[in-house]
There are 2 protein chains.
Amino acid sequence: MENREPVDLPHAAQDVTEHVGYRLKRAHAALRGALDQVLREHGLTVPQYSCLELLALRPGLSNAELARGAFVTRQSMNVVLRGLQDDGLIARPATADHGRARPAHLTPEGQRRLDAARSAVYAVETRMIAAVPSARLPALLADLERMAEALGG
Amino acid sequence: MENREPVDLPHAAQDVTEHVGYRLKRAHAALRGALDQVLREHGLTVPQYSCLELLALRPGLSNAELARGAFVTRQSMNVVLRGLQDDGLIARPATADHGRARPAHLTPEGQRRLDAARSAVYAVETRMIAAVPSARLPALLADLERMAEALGG
DNA sequence: TGAGGTATGTCAAAATGCTGACATGGAGAA
DNA sequence: TTCTCCATGTCAGCATTTTGACATACCTCA
């Protein structure tokens with residue numbers, strides 16, 4: 001009952017392991033595992049690191065904005081933020097001056113921890129990048145972006 | 001304190017959102033969300049579907065083998081298997097004839113559910129693939145594979 | 001025969017994430 | 001102004017997943 005149209009499945013996958021989805025899942029799992037491992041030495045989890053990195057890029061982000069940036073729910077990010085705040089890595093005003101959103105900022109200690117962890121994370125990224133021909137990297141980045149967009153990510 | 005070596009970071013990322021890791025995470029999150037949505041209509045979760053697909057490809061896989069194939073722990077896959085078994089979608093012998101591993105198989109009902117869900121999943125995959133130039137697809141698959149391997153996935 | 005190593009299945013506990021729900025604050029239309 | 005709509009922060013409950021641990025079964029080697 002399959003309509004074999006070369007337009008739909010031009011890659012002619014033999015089985016599931018050759019599907020883009022499976023490969024994507026596999027690569028993501030490998031990355032997640034590698035990051036978990038190196039970040040543990042810095043006392044950070046992947047969501048925590050993501051949060052710090054986002055705040056370094058754009059200080060003052062709210063909980064909801066951070067959640068969208070890290071691809072988790074507001075509730076999950078809220079837990080992460082509480083943890084980071086308890087550890088003194090980020091700071092949020094006790095009261096919001098405009099809406100309900102309270103802008104978060106890295107503390108000096110948070111910046112130090114991020115800097116330390118960053119080198120470890122970048123080493124993983126470098127290891128990953130080294131596996132693909134450097135000429136293809138820009139296309140790879142573009143394709144990942146397009147796929148995410150096509151699925152409403 | 002950064003050593004700028006073009007060999008290490010040849011893509012000259014401006015910020016985190018241009019890193020391969022971030023894009024990978026984003027694409028994976030988008031895929032996961034899309035799959036969650038379409039699979040819910042078939043009464044399946046993503047891990048459950050993954051498990052069924054693996055069993056269709058290679059019947060008789062054990063719990064531990066399925067766990068490795070789906071990139072989760074044995075414990076997690078065990079929960080998934082129990083659920084599928086309770087729903088009558090898979091069957092496992094009550095006792096192992098060789099080691100401790102009990103080979104799992106799809107039931108006719110499991111095969112039907114898989115067939116039904118597959119079309120929905122493939123539609124998502126097609127939507128994702130359509131976003132990337134078809135000439136680049138083989139390279140994309142290869143690069144994802146290489147990256148996963150490089151990180152010990 | 002027995003010891004050591006490896007792989008598996010399973011239990012218990014904790015961490016993590018999500019869904020549902022509700023109250024608050026702000027912007028815009030009636 | 002008042003009403004409506006939307007985004008945000010937060011609480012509670014539930015589901016999922018992981019970590020840690022242990023017992024069992026097989027294999028290999030002495």
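All values derive from a computational prediction rather than experimental measurement. Chain naming here is simple, since letters A, B, ... match the order of the sequence lines and numbering starts at 1 in each. Side chains are part of it too, since the values below use all heavy atoms of this structure and drop only hydrogens, waters and symmetry mates.
Applying the salt bridge (Lys or Arg N to Asp or Glu O under 4.0 Å) test to pairs two or more places apart or on separate chains, those with a residue in residues 52-78 of chain B are B:Glu53-B:Arg118.
Whole-Å rounding puts the B:Arg74 CZ to D:dG20 P distance at 13 Å. A:Met77 has its CE atom 19 Å from the P atom of D:dA7, to the nearest Å. The nearest whole Å value for the distance from the CG atom in B:Leu81 to the P atom in D:dT17 is 12 Å.
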Kindly give the atom pairs (protein nitrogen or oxygen, nucleotide nitrogen or oxygen) under 3.5 Å for nucleotides 11-15 of chain D.
residue, atom, partner, partner atom, Å
D:dC11, OP2, A:Arg82, NH2, 2.9

Listing time: all N or O pairs from protein to nucleotides 26-29 of chain D that are below 3.5 Å?
residue, atom, partner, partner atom, Å
D:dC26, OP1, B:His98, O, 2.2

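In this structure, B:Tyr22 shares a hydrophobic cluster with A:Phe71, the cluster being traced through Ile, Leu, Val, Met, Phe, Trp and Tyr side chains under 4.5 angstrom apart.
Close approach of DNA chain C to chain B, defined as any atom under 4.0 Å from a non-hydrogen atom of the protein, starts and stops at C:dT8 to C:dC11.
One finds no side-chain N or O of B:Thr73 lying less than 4.0 angstrom from the OP1 or OP2 phosphate oxygen of D:dT17.
Side chain of A:Thr107 to backbone of A:Leu89: a donor-acceptor contact under 3.5 angstrom is found.
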The test is side chain to side chain contact (heavy atoms under 4.5 Å, CB included); show your working for A:Met147 and B:Val132 and say whether it passes. CA-CA 7 Å; A:Met147 290 192 300; B:Val132 359; 3.6 Å; yes

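The residue among A:Thr45 and B:Arg92 whose nearest nucleotide of DNA chain C lies closer to the 5′ end is B:Arg92.
For DNA chain C, the neighbouring residues in residues 56-65 of chain B, judged by any heavy atom under 4.0 Å, are B:Ser62, B:Asn63, B:Ala64.
A:Val79 comes within contact range of no nucleotide atom at all, as no heavy-atom separation falls under 4.0 Å.
Sparse packing is recorded around CD of B:Gln37, with 12 or fewer heavy atoms of other residues, nucleotides or ligands lying under 6.0 Å away.
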